[in-house]
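Working notes, structure below.
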Amino acid sequence: MTIDNKFLYLAIILSPLVSSIIVGFFGWLIGKKVSHSLAILGVLISTIGSYIVLYRVQFEGLYFNGILYNWLTVGSQSFSVGLLVDKLSSVMLAVVTSVSLMVHIYTIGYMAEEEGYQRFFSYISLFTFMMLMLVLSNNFVQLFFGWEGVGLVSYLLIGFYIKRESAIFANLKAFLINRIGDFGFLLGIGLILAYTGSLDYGVVFSHMSNFTHAIMPGTSWNLITVICLLLFMGAMGKSAQFPLHVWLPDSMEGPTPISALIHAATMVTAGIFMVARLSPIYNMSHTALAVIIYAGGINCLFLGVLGIVQNDIKRVVAYSTLSQLGYMAVALGCGAYSVAIFHLMTHAFFKGLLFLAAGSVIIAMHHEQDMRKMGGLGKYMPITYITMLIGSLALAGIPPFAGFFSKDMILESAELVHKLGLPGGGFAVFTVYTSVIVTAIYSFRLIFMTFHGEERFRHVDNHHGQDDHGHHAVEPEESPWVVTLPLILMAIPSALVGWFAASDFVSNKILSGSVANAGWFVTNMQEEIVPLKMVLEGFTHIPVYLALAGILIAWLFHKNPKWSDKLIKAIKPLYVILMRNYYMDDLYINLFAPIGRAFGRFLWTLGDMFLIDGLIVNGSAKIVDWYSKILRKLQSGYVNTYATFMILGIIILLTFCTRLIFA
Amino acid sequence: MTLNLLNLLSLTIWVPIIAGIVVLFAGKNDNLARFISILGAIAGFILSLIVYLQFDANFSGVQFEENYPWIQSLNIYYHLGVDGISMPFLLLNNFITVTVIIAGLKVIKSKVALYNSMFLLMTGFMSAVFCALDAMVFYVFFEAMLIPMYLIIGIWGSSNRVYAALKFFLYTLLGSLLMLVVLIYLYYVSSDTFEIFAFYKTPLTMLAQVLIFIAFFFAFAVKVPMWPVHTWLPDAHPEAPTGGSMVLAAITLKIGGYGILRFMLPIVPDAARALSGVMITLSLIAIVYIGFVSIVQKDMKRLVAYSSISHMGFVTLGSFLFVGQYLNTWALQGAIVQMISHGFVSAAMFMCIGVMYDRVHSRNIADYGGVATKMPIFAAFFMLFSMANSGLPGTSGFVGEFMVIMGSVQTKFIYAFFAATILIIGAAYTLWMYKRVVFGEVNNKHVASMSDVNFAEFIVLFLLAFAVIAMGVYPEMFVAKMQTGVKDLVMEVANTKLLIK
Amino acid sequence: MIGMNHFLILSAILFAISIMGIFLNRKNIIVVLMAIELMLLAVNFNFITFSSFLHNIDGQIFVFFTLTVAAAESAIGLAILILLFRNMRGVNVQDMTQLKE
Amino acid sequence: MLQTVFFYVFSVILVISALQVILAKNPIHSVLFLILAFVTSSCLWIMLNVEFLALTLILVYVGAVMVLFLFVVMMLDIDIETMRKGFWKNLPLALCLGLVVLAEMVMVLVTKPVVVYQITQTDNSISNSNQLGWMLYTKYSYPVELASVILLLGLVVAVALTLRPSSKNAKYQNIAKQVAVSKTGRIEMVKMQAEKVEVIVDEKVGKDKEVSV
Amino acid sequence: MNISLFAAIPEIFVTGMLVIMLLIDAFIDEKKKAVNTIWAILTLIGGFVLQLYVFIPGKVQLAFNDMFILDAMACGMKLFTYLTGIIVVLYVKRYVDDKQLLKGEFYAIFLFAILGMLVMISANNMLILYVGLELLSLALYGLVAIDRDNVRSTEAAMKFFILGALSSGLLLYGISFIYGATNGHLQLESVYAEIGALMKGHVNNASLVFGVVFVVAGLMFKLGLVPFHMWVPDVYEGSTLAVTTVIGTVTELAAVVFVIRFLVGGLALLGPQWSIMLSVLAFLSLIIGNIVAIAQTNIKRMLGYSAISHMGFIAFGLMTTSVEGLSAVIFYVVTYVLTALAGFGVLLMLSRDKYECEKIDDLKGLNKSHPIYAGILLLVMFSLAGIPPLVGFYAKLKILEALVATGYIRSAIFAVVMSLIGAFFYLRIVKVMYFDEQDSEIIVADNCILGRSALVLNGLALLVLGVVPQQLMVACLRFITG
């Protein structure tokens with residue numbers, strides 16, 4: 001049986017949308033059960049479809065680039081909503097839909113008690129749709145549509161708890177920061193359109209080479225660089241690159257499934273995907289790539305460090321996401337786009353897994369997220385523990401887990417760039433290597449604090465209120481199967497996917513034709529990757545030991561809690577800086593926002609109210625009024641005065657006239 | 001070519017007007033008045049829809065032409081017709097009126113007949129403005145609109161309504177009176193005709209062009225409104241009743257933009273080219289400056305009013321972008337799309353605020369909070385419109401802005417740079433307001449007693465939401481009919497008509 | 001020899017005097033009325049001068065009617081003045097400023 | 001020559017009396033000077049062979065209109081002092097303006113005199129009054145009719161404004177009624193009841209009175 | 001000698017009826033004074049019909065030795081005068097009853113005034129113009145004073161009288177110069193011809209121009225242009241509403257024709273001179289009229305200032321001296337009179353007994369109690385402000401067109417800016433009626449169906465003429481071109 005391809009694509013895209021709409025509008029009518037079944041069905045169809053597509057693309061050479069309908073015509077140019085099914089998009093499809101499916105299932109358990117259950121399902125289905133639009137688009141407009149669409153859903157979901165002040169603050173922040181990125185993104189699209197006359201990927205790529213040495217009119221900047229940087233600005237927003245990263249930690253205000261799906265596995269990687277998708281353009285600008293390296297490097301190391309000082313379980317994972325996104329960005333900057341995508345994929349699985357597991361812990365802890373109040377949970381919830389351990393190992397890059405392969409590739413790429421003396425190479429090497437250890441520290445700090453040691457949750461804490469006394473009499477227990485099943489299903493690829501995919505990604509076989517790795521990468525990475533060999537060789541390289549050292553440090557600190565106190569005291573100022581996120585939040589919240597408001601108030605009161613309205617509009621009215629009051633006095637009431645005025649009139653006219661006569 | 005036995009345009013114009021007059025005399029019977037006005041509005045909409053469907057997108061020039069002598073002693077002809085540029089506005093106008101009338105059904109309890117009648121008259125007048133091919137017909141209806149609007153703001157407005165109504169009236173009258181002189185002048189220089197298309201062919205000296213341009217600027221910039229002459233809008237909107245704000249924002253402002261396209265650009269193209277820098281600067285000031293001003297507004301309607309100014313900045317920006325001799329097609333078409341879209345979005349925003357106002361009787365953002373918990377359906381609609389207002393792709397708000405920004409990159413990158421700041425600022429003021437109003441804890445008893453949208457409100461919001469999404473997802477539907485018109489306009493403006501003495 | 005201009009200038013002087021009279025007597029209504037009579041005299045002078053020097057009788061006819069009309073006018077003016085007197089209990093003309101501004 | 005002398009003599013009298021009209025302190029003097037001015041003008045008109053109008057001026061104007069003026073001025077009780085307030089203050093300006101007007105007029109008349117280039121020859125054998133009469137009743141019959149209407153109007157208005165219909169307070173003698181008087185109408189017998197003395201002390205009234213006092 | 005009286009039949013009829021009315025009034029019982037009203041209406045209707053009967057299209061008829069002219073303008077304007085007169089009588093009828101004015105005399109003097117207007121309109125000779133003017137003026141003095149016991153009325157009458165006499169003096173002085181300078185001509189067409197001859201012979205026209213100054217001053221007094229306007233507000237305010245209605249409406253028709261006859265019929269060749277003067281006066285009138293009106297609280301006084309500003313517009317129209325300009329002027333005045341009539345009509349309806357609806361605040365909340373009257377007043381105000389689709393707009397439009405056509409673009413711009421200021425106070429009336437809450441009860445006293453329906457028709461006419469002004473415009477053009 002063969003399914004018509006176009007129908008298949010449509011089914012993939014539209015089934016989440018349809019289920020989202022039905023659940024969204026009629027959720028109140030059809031009840032929770034039908035709602036979640038529908039949502040899951042929608043995503044399931046997508047997932048199955050995606051795998052079929054992936055299969056056909058990879059093994060049957062399927063390629064589709066066509067239009068669905070004509071979106072807009074301007075002059076002689078027309079823009080259509082179209083689909084591009086190639087290797088890159090098929091891979092992304094598979095990743096997105098499978099994580100999404102897992103999250104859908106997981107949500108049944110996680111959200112069971114929550115208000116707005118149907119709304120939640122509607123949102124995540126909608127998200128899936130938007131993400132698919134983003135991934136499958138064959139042009140910039142549609143890309144932007146999906147781009148902003150996922151942003152919207154992210155906004156909605158971060159603020160899912162609409163009554164919670166911190167949540168609705170976080171979602172606004174997330175949206176606005178993203179908008180700053182999109183500002184650049186849109187301008188980049190504008191430049192592309194202005195120069196190539198099209199927004200279709202294919203056309204743009206083919207035309208772009210004409211502008212290799214073009215410069216921006218009125219400046220001395222290289223056009224392509226400017227375009228690349230503007231577009232990357234969008235990626236910085238979406239993929240939370242420094243300094244537009246501040247929204248991501250706050251986004252943890254959303255329910256945990258969302259953190260897994262949107263803020264770890266899929267949406268935040270859209271920036272990475274976009275750069276990979278546009279690799280032909282980026283390859284033309286070394287400057288842009290260098291900038292990406294620097295941005296990624298900063299993320300990778302400096303934001304990773306922040307993960308160490310966090311106590312909120314989700315925040316630790318969130319900072320780790322930032323750090324990993326930094327890895328991907330470095331890979332992009334090194335021209336190793338396929339590697340970035342590889343890391344994207346592995347990261348999607350293990351980071352999704354970590355979040356889901358964290359969620360499972362949170363359920364068990366009755367929505368307590370502070371790790372200082374956990375500990376020793378390993379024996380109560382073994383599945384969660386094991387899966388999370390797998391995730392952490394993968395994250396830390398311990399062979400043979402998936403993360404090892406992708407991270408190792410990135411390290412190699414960085415080294416390669418350094419070796420070739422390309423700009424940013426040194427920085428890249430320094431940051432990626434250092435952050436290997438950082439990664440291990442924070443991920444295992446999390447594991448130890450949560451699952452090992454003292455059962456701190458038994459301490460009586462009063463912040464739950466008086467009527468809640470003794471609620472901890474119930475032991476923490478393993479989450480229901482709808483929660484653990486996704487954990488297990490995610491743990492499998494987290495552990496294994498590297499084995500199967502590593503070589504294909506590095507040789508770019510899996511993405512060939514849609515992602516063009518930089519020339520130096522292609523020429524220098526020609527050797528065949530054999531996973532087993534790689535794992536074995538891994539133990540001869542430094543990174544693995546760095547990671548193990550990190551784990552060791554985490555363990556030592558775990559065993560000697562006083563060490564950390566001492567350390568904190570020793571580096572107090574640094575600690576404060578770290579705790580305050582390098583003051584980046586303050587920069588936005590306490591500097592930019594007030595300045596913007598003050599500026600607005602200034603313009604309003606001075607410009608609008610005082611100058612335009614006060615002086616000009618009401619001022620002229622007042623002048624007329626004033627004149628009116630003066631001139632009415634002419635009518636004094638004395639008839640003689642009236643007569644005098646007439647006589648004066650005559651005299652004026654006469655004088656006027658004599659001038660005429662004698663002129 | 002087109003079936004025009006019925007004088008469709010005349011019908012579209014006069015059916016609502018006559019309905020309005022009938023309603024006026026329906027007098028005391030409120031329900032009868034409501035019934036007739038709904039019928040009138042829907043009839044108008046159906047007629048305009050027929051026109052729209054019959055409209056031949058590939059035909060260059062005007063269609064459904066009607067030309068009868070009206071006032072021969074002044075050479076005024078009752079000359080109507082639509083082309084690609086006016087077509088969408090005609091439809092928009094009649095559509096919005098339907099929503100406004102429905103929105104007013106339950107809310108308006110005093111002077112029902114007068115209220116509905118004023119709106120029906122407005123519709124008819126505005127349709128006529130969009131259809132007029134004779135400058136004087138245009139002018140007559142252009143000004144006639146002031147009367148019902150003045151009454152609408154003044155009678156059903158809130159506390160400061162008198163000031164607002166007066167300001168609105170005089171502000172707009174100032175511009176239009178100057179335009180009147182110019183039209184008369186053009187009448188003479190183009191050998192005694194008020195035909196707008198005859199004006200296009202009249203050569204003028206640069207000085208004359210600049211002066212005419214300035215007069216037109218006052219007429220249309222006030223309506224749009226552009227930056228330094230905008231202050232009537234933030235006063236008129238908050239004071240006007242919901243329906244008034246909807247019509248004002250959705251259509252009346254568009255007449256300014258339409259006037260620019262119909263009069264300013266083709267009649268004095270050389271002046272337009274020469275002064276385009278100034279106009280663009282003013283537009284950008286409107287976008288950025290007003291954007292910032294919007295952020296700090298405490299009154300929801302005032303905020304949306306300011307945001308309208310900011311969005312209309314895109315219209316003027318798009319209209320005055322040139323690439324060499326030619327108007328920038330992208331930007332120009334974007335300007336039109338932006339107008340249509342803003343018509344839907346701003347009407348919807350005002351409707352939303354009106355819905356809340358009817359329940360709490362306050363427009364202050366500070367008096368709200370946590371509306372979503374009490375009115376989930378409403379909150380969803382409001383979210384959609386807020387997103388559209390901040391230009392989210394997939395909603396109509398995006399398309400126009402996108403096109404104008406794309407166009408301005410082609411002219412000068414820096415223009416696009418400033419224009420694109422609306423992405424940030426627009427989202428900031430809209431969503432910040434949304435956050436303060438809709439999200440959060442319910443913290444006062446007024447909000448606590450709010451009930452979700454009723455049927456009439458639902459219908460209105462649904463219609464608008466449909467339009468917003470339809471236009472965002474498939475703008476081609478709207479754009480297709482205007483292609484030829486835009487092309488004609490670009491060609492018209494590309495010609496110089498400089499008369500060198 | 002006395003020419004036409006002599007008479008015209010004489011009438012102009014009368015006219016100027018009447019204007020001065022109106023201007024001088026800001027508060028005196030009666031004198032204003034008299035000044036107006038002077039003005040009419042100047043007018044009549046003009047007509048008669050022209051009529052006489054042009055040998056054209058029409059000017060005199062005009063004067064004839066002016067005189068007639070002036071008589072009727074005086075009657076009416078007087079009637080109004082009496083009314084005013086009655087209503088204001090003695091005519092202090094300065095009180096005649098109820099209508100102003 | 002004699003004409004010249006007469007012209008100047010009359011002119012001077014005319015101008016002086018005209019000035020006195022506006023300058024005299026007492027309005028009655030003004031009126032009298034005005035009459036003098038009219039009489040002098042009448043003399044000047046006779047010099048111009050306009051006998052009929054000269055006479056009419058004296059008859060109609062001096063005889064009727066000016067007497068009316070005089071009557072009004074005397075009837076009205078005029079406070080001369082307040083009337084002349086601001087007189088001296090206004091004088092310089094008034095003089096200036098008057099002189100400006102005069103200068104302008106004279107300048108025009110002197111430098112660009114009215115040119116008489118065509119004179120209608122009239123028959124000198126007919127007297128001025130005769131001529132006027134002819135014209136009035138032939139060519140100018142229409143204005144004559146109108147003048148009559150104006151006079152009628154003047155009459156109607158003057159009467160309407162000043163004539164008061166007999167009000168009830170006015171005491172008129174009605175002869176017929178007096179004559180037709182009857183005996184019974186003269187005396188009316190009125191019966192009255194004898195007064196009863198009652199002493200009622202109404203406390204409330206008393207209190208009220210106290211309060212009101 | 002042309003002694004045919006055919007063309008003058010309507011006037012003769014009116015005069016006859018007038019005299020009969022005086023007689024009837026003298027002998028009639030106080031209770032039957034209503035006959036006067038009916039008689040007045042009959043007179044006017046008779047005049048109207050006879051006027052129609054007398055008129056021969058396309059032919060200029062002369063009578064009374066050519067001193068009486070019946071051309072298209074005369075006929076048209078007389079018809080309008082009769083019509084307006086009838087409407088005025090219908091409006092004031094009940095008011096006059098209520099106020100216990102001298103009914104018989106009121107209508108008699110009113111008819112005198114009408115007769116004066118008719119004479120002015122048909123005058124073909126400067127003497128007749130003067131006599132007609134005086135007939136009108138004297139009647140108006142009488143009318144203003146007719147509320148005998150009212151201090152304000154008598155004061156207004158006195159002021160009107162003094163200033164009117166002064167203006168007549170000025171006018172006569174001017175006429176005397178024109179008479180002399182044109183070698184003794186009074187007949188308008190011969191004055192015109194003579195001036196033509198003078199100019200051809202390059203004879204200096206100094207005294208002519210001199211005369212024109214005074215004539216213009218005298219004429220502009222009638223129109224009420226600044227600085228000859230001072231009587232207007234006081235008389236408008238001081239007179240009883242009925243009289244203000246007469247002065248504010250019908251007389252304007254005659255005054256404008258009067259000015260046209262004088263300036264265009266006789267002195268057209270001096271156009272360059274007098275149009276400059278007119279422009280100055282118009283300029284001042286627009287400023288003073290519009291600006292001072294803003295400060296007024298009395299509607300009558302405000303309408304007085306508004307009249308000044310409208311006359312400023314008319315002066316602008318006259319200034320162009322073109323056919324379009326003059327037809328615009330005629331159109332303007334006709335529509336203005338129609339508009340003002342409706343406005344005064346509403347005020348009359350709202351006044352009763354001792355109560356005079358004259359403060360702007362008296363109209364508060366009128367829309368709530370009497371939507372139809374409020375609607376009519378709304379139309380009036382927007383028409384006065386010149387907002388389409390009301391007829392006042394086309395009046396302004398035509399004047400502006402004439403201005404632009406003759407190159408007075410700056411004047412046109414000035415005029416529109418001033419009418420913007422003017423809109424302010426018209427809007428205030430609308431505001432009071434529609435936006436304010438009623439604070440005292442408003443009673444419509446008139447129950448006469450005729451008066452009411454006339455008012456409604458009058459109001460509708462503003463709208464209908466605003467939509468289809470073509471016929472009226474053509475008529476106005478024909479008045480000028482013949």
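Chain naming here is simple, since letters A, B, ... match the order of the sequence lines and numbering starts at 1 in each.
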Problem - Side chain, backbone, both or neither of L284(E) within contact of chain A (heavy atoms, under 4.5 Å) - result: neither
Practice task
Report the C-alpha separation of F177(E) and F214(E) in whole Å, then their side-chain angles, then the decisive distance to 0.1 Å, and conclude whether the ring pair (Phe, Tyr, Trp, His ring centres under 6.0 Å) test is met.
Solution key: CA-CA 9 Å; F177(E) 268 99; F214(E) 289 94; 7.0 Å; no
Problem - Straight-line distance of N70(A) CG to L72(A) CG, nearest 0.5 Å - result: 8.0 Å
Completion exercise
Residues at least two apart in sequence or cross-chain that pass salt bridge (Lys or Arg N to Asp or Glu O under 4.0 Å) with D613(A), listed by chain then number, are K167(B)
Practice task
Would you please indicate if the ring centroids of F221(E) and F228(E) are separated by under 6.0 Å?
Solution key: no
Distance-only donor-acceptor screen, chain A against chain E, under 3.5 angstrom:
unit_1: S628(A); atom_1: OG; unit_2: I291(E); atom_2: O; d: 3.0
unit_1: S628(A); atom_1: OG; unit_2: A295(E); atom_2: N; d: 3.2
unit_1: R632(A); atom_1: NH1; unit_2: A295(E); atom_2: O; d: 3.4
unit_1: Q635(A); atom_1: NE2; unit_2: M230(E); atom_2: O; d: 2.5
unit_1: G637(A); atom_1: O; unit_2: K159(E); atom_2: NZ; d: 2.8
unit_1: Y642(A); atom_1: OH; unit_2: D234(E); atom_2: OD2; d: 2.4

Problem - Whether Y588(A) and F592(A) hold their rings parallel, tilted or perpendicular, with breakpoints at 30° and 60° - result: perpendicular
Exercise for the section: Could you tell me which portion of I294(E) (side chain, backbone, both or neither) has an atom closer than 4.5 angstrom to a non-hydrogen atom of chain A? Expected result: both
Problem - Heavy-atom proximity to chain A below 4.5 Å, by part of V212(E) - result: neither
Exercise for the section: Describe, in one word, how the ring planes of Y155(A) and F175(A) are oriented to each other, choosing from parallel (under 30°), tilted (30 to 60°) and perpendicular (over 60°). Expected result: perpendicular
Exercise for the section: Side chain from CB out, backbone as N, CA, C, O: work out which of these in I630(A) comes under 4.5 Å of a heavy atom of chain E, or both, or neither. Expected result: neither
Practice task
Check whether any side-chain heavy atom of M158(E) sits under 4.5 Å from a side-chain heavy atom of V639(A), and report yes or no.
Solution key: no
Problem - Best-contacting candidate, P272(E), A293(E), P227(E), against chain A by heavy atom pairs under 4.5 angstrom - result: P227(E)
Handout entry: Heavy-atom donor-acceptor pair, W28(A) side chain to F25(A) backbone, under 3.5 Å
Key = yes
